Amino acid sequence: MALVAGSAAQAQKLVVAHRGASGYLPEHTLEAKAMAHAMGAHYIEQDVVMTRDDQLIVLHDITLDRTTDVAERFMGRAREDGKYYAIDFTLDEIRTLQVREAVRNDNGLESVIYKNRFPLDKSRFRINTLAEEIELIQGLNKSTGRDVGIYPEVKSPSFHRREGKDLSSALVAMLKDYGYTSREHKVFLQTFDFNELKIIHDEVMPAAGVDIKLVQLISDSEDFAWMKDDSGMATIAVYADGIGPDKSMIIATDTPVGRVASSDLVDLAHSHGMEVHPYTFRLDPGQVPGYAKDFEELLQLFYVEVGVDGVFTDFPDRAVRFLNSRGI
Ligand code: CA
């Protein structure tokens, strides 16, 4: 598949496996990544945080509480807020943890977040390093003859800087080690932090001799409101090749059935030469917005009617099947 560098228009609409095939296996495990690869995802996402001994691991939160048994293994190692921070543990310690389906904790009472997913505390899963995950994906690319890309996110970069760690530089150095150095390579580097995006673009990548595609993530909150108009998009486009907005910023979640209309965010981003990869497409109960009758109609609205360039989904098989069935 050939991507047209520097153009918002591309032949292939993308399926980004959000934290792997996380609808079927615990998020960010190698098992979830292998499944996403086998399901035909075009890109597989990594959230990246740093350990106390400066190792890069794949973990969505800067804390270990939601997806591991850390509270049982390391009593007394929580911070004052009661949470266990990955940055307070060495990689060897983190390797002893069991990864499980995500849970929420309401006043000490734990419950799984998505009830139809992989059963809690069954089988055996671990946190993996970014290096292990890249080697898995590159290994599968070799053995299958496919060319699946990676989509790492710099998580909470200002938190890491306050802790004395330059996450972006370490991440870009590792990408370089594994051959991701130019815009032709199948990698998007993403972050919510606009200041960090500028630092990566202006300082980190030039210092490393790397020039890969960057994506500004956008959440539907006040901090990001300035990004939503033409001048905001123009500012982002100086640094980024794409945006990753919450899908509710494109079609409002409470849109009435039969009256679906989109914001101008996608057109604005395209007019500034950027791709648009909204998040997160899920088919768990209650996760398909009421304006779409099912998951496939949701995909039809975004890929076809609105014209986004890719989607982040926990169910990559369904998005791949949708695109194949439509010949797009
Ligand atoms: Ca992410």
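Both backbone and side-chain heavy atoms feed into the values below; hydrogens, waters and symmetry mates do not. Sequence positions, counted from 1, serve as the residue numbers for this chain. Indexing begins at 1, ligand by ligand and atom by atom, following the structure's order. Computed from a predicted structure; not experimentally measured.
Side chain to side chain, Tyr178 and Glu135 meet the donor-acceptor criterion of an N or O pair below 3.5 Å. Counting only N and O atoms by type, the side chains of Thr191 and Asp193 include no donor and acceptor under 3.5 Å apart.
Its N, O or S atom nearest to the Ca ion (ligand 1) is what matters here, and for Glu45 that atom is OE2. Within Glu153, the N, O or S atom at minimum distance from the Ca ion (ligand 1) carries the name OE1. Shortest distance from the Ca ion (ligand 1) to Asp47 is reached at OD1 (N/O/S atoms only).
Under a cutoff of 6.0 Å and an axis angle of 45°, Arg326 and Tyr303 do not form a cation-pi pair. For the pair Arg282 and Tyr114, the cation-pi test (distance below 6.0 Å, angle within 45°) is failed.
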